[in-house]
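As structure tokens, the structure follows; a few thoughts come after it.
Everything numeric in this text was worked out from a predicted model, so none of it was measured.
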Amino acid sequence: MGYQRQDPVIPPQRDLDDRETLVSEHEYKEKTCQSAALFNVVNSIIGSGIIDFSLVLLIKGGALSGTDTYQSLVNKTFGFPGYILLSVLQFLYPFIAMISYNIIAGDTLSKVFQRIPGVDPENVFIGRHFIIGLSTVTFTLPLSLYRNIAKLGKVSLISTGLTTLILGIVMARAISLGPHIPKTEDAWVFAKPNAIQAVGVMSFAFICHHNSFLVYSSLEEPTVAKWSRLIHMSIVISVFICIFFATCGYLTFTGFTQGDLFENYCRNDDLVTFGRFCYGVTVILTYPMECFVTREVIANVFFGGNLSSVFHIVVTVMVITVATLVSLLIDCLGIVLELNGVLCATPLIFIIPSACYLKLSEEPRTHSDKIMSYVMLPIGAAVMVFGFVMAITNPQDCTHGQEMFYCFPDNFSLTNTSESHIQQTTQLSILNISIFQ
């Protein structure tokens, strides 16, 4: 046990355009088609991100160094200290993401089951703790026990399809519900002093670097050119979905928008209840992607990159058990997303890929890739430092498990809105019939 030498799988510096491959012949014998890999990337991006240039830069760095994992790339570039730092970050990000997914699944699905006629809302079997435990045992653990990430291609396709349904529901409610929700003061100000906190959350959402090499290796005859095409297609799909989610969500609730958007909707909204169910399933299906990465990090650091069948099961069960226990103790999603974004996702997205490429590439400084790398490094450092400080000094309000004030038309004491906005909330007693049913 301990640090293991990372042997390169492919000969470095062959033809860096198309023929540099990052997968050994004995690994991933069951190759997926490009479409399956595309859905794996989209699932990872939506469940967790949007970055284009940085993703291509990462694989180019692997080609330049002759390595096939993020860890081995950093090890080849910066040696043992860089390897350990990257391993810690690459483990913490997906591990915390697993925790956040459990929180979302528990919160979301508990509200779904509460809508079943005749079910007592206080029933322990529909509580978030029981749902987290049940979904872990019946879904996330079995899916996470796969050894080949290519087997998750169909699961990711289902997750992407459900995400499209959810987007339709959010758009429909933006039209029918949005005009009746009072707008917060300065709702349309583009950026406020604490805007950098949003960058941390976006970094959490916009990352899939930690599993990029896994998805890349699942391609049939993986090359940098093929990966670039795949990433561009995935990014277009993901940008479209994420922009529409963000726009429709904020247009509906403005400053009342919660870290988990579905926390904003009233529990008696049947259409949103169906959306919550789809969302919960989507999160559960995204969870194994993160578990694959945590297990790979542990395998590389402590087991030389290979896990026996027994240790494969043991490590998977241990990681999921710890993540589940932590998620049972935490119920506020916003701070989890912020801290994971600024401390883990930001260096994985902005700093490390740029630093590796700058050190490995022999291109002139005026090359476009190097110019972008020089820009990304200081941006990442600034977001990491200032984002952490602001996340601690200006924590988000968390209304976990509470109905929002506009779900109770007679309760005006919770708002600081104008008289005209209060008059709008009185109309919600009628909307509970016309919109939510």
Side-chain angles (χ1 to χ4, degrees), residues 6-46 49-77 90 146-160 207-238 288-289 292-293 295-297 299-300 304-307 353 356-357 360-363 368-369:
Q6 301 293 313
D7 295 325
V9 176
I10 60 174
Q13 304 296 333
R14 285 198 301 171
D15 181 355
L16 299 181
D17 290 330
D18 288 330
R19 290 180 292 175
E20 289 284 4
T21 61
L22 307 178
V23 61
S24 61
E25 293 181 359
H26 69 279
E27 291 180 337
Y28 300 104
K29 294 181 179 179
E30 298 181 11
K31 300 292 185 180
T32 63
C33 63
Q34 187 165 337
S35 61
L38 182 144
F39 286 116
N40 270 334
V41 175
V42 171
N43 187 30
S44 176
I45 290 176
I46 294 174
I50 302 172
I51 290 293
D52 190 352
F53 172 78
S54 178
L55 287 168
V56 176
L57 202 65
L58 191 64
I59 299 301
K60 285 185 177 180
L64 288 169
S65 61
T67 54
D68 66 341
T69 68
Y70 202 164
Q71 290 169 287
S72 57
L73 165 62
V74 176
N75 175 41
K76 189 74 172 287
T77 308
Q90 201 176 12
Y146 281 125
R147 299 185 71 96
N148 189 347
I149 198 171
K151 292 184 178 292
L152 296 179
K154 293 181 179 179
V155 171
S156 295
L157 173 59
I158 295 172
S159 178
T160 305
I207 185 176
C208 62
H209 299 61
H210 55 298
N211 52 29
S212 291
F213 279 100
L214 285 172
V215 178
Y216 177 87
S217 299
S218 71
L219 288 171
E220 185 177 358
E221 299 179 1
T223 65
V224 172
K226 184 180 291 186
W227 173 254
S228 297
R229 290 193 299 268
L230 171 69
I231 286 300
H232 294 322
M233 288 188 291
S234 303
I235 292 300
V236 169
I237 296 172
S238 302
M289 296 281 290
F292 266 73
V293 181
R295 186 174 60 224
E296 184 199 33
V297 172
N300 288 338
N306 295 309
L307 289 174
C356 288
Y357 184 80
L360 292 170
S361 176
E362 296 180 357
E363 297 287 350
S368 58
D369 287 347

Gap separating the OH atom of Tyr216 from the NZ atom of Lys226, nearest 0.5 angstrom: 9.0 Å

Side-chain donor/acceptor of Arg147 to backbone N/O of Leu307, under 3.5 Å: yes

Check: Ser156 main-chain N/O paired with Thr160 side-chain donor or acceptor under 3.5 Å: yes

side-chain contact (heavy atoms from CB on, under 4.5 Å) evaluation trace for Tyr357 with Glu363: CA-CA 10 Å; Tyr357 184 80; Glu363 297 287 350; 4.0 Å; yes

Closest contact, heavy atoms only, Tyr146 versus Lys151: CD2-CD, 3.3 Å

Least distance between heavy atoms, Ser65 atom then Lys76 atom: O-NZ, 2.7 Å

Rounded distance (nearest 0.5 Å) linking atom CG of Leu55 with atom OG of Ser212: 4.5 Å

Separation of Leu152 CG from Leu157 CG (nearest 0.5 Å): 12.5 Å

Within-4.5 Å side-chain heavy-atom neighbours: Val74 and Cys356: yes

For Phe213 against Thr67, the heavy-atom pair lying closest together: CE2-O, 4.2 Å

Atom pair CG/CG of Leu64 and Leu57 - distance to nearest 0.5 Å: 9.0 Å

For Asn300 against Gly305, the heavy-atom pair lying closest together: OD1-CA, 3.2 Å

Where Val293 and Gln90 come nearest, the two heavy atoms and their spacing: CG1-O, 3.8 Å

Rounded distance (nearest 0.5 Å) linking atom CG of Leu73 with atom NZ of Lys60: 14.0 Å

Reference residue Trp227; test side chain to side chain contact (heavy atoms under 4.5 Å, CB included); the match among Val224, Ile231, Thr223: Ile231

Atom pair CG/CD of Leu360 and Glu362 - distance to nearest 0.5 Å: 9.5 Å

Test item: side-chain donor near acceptor, Ser72 and Thr69, under 3.5 Å: yes

Which atom of Gln71 lies closest to which atom of Glu296, heavy atoms considered: OE1-O, 4.0 Å

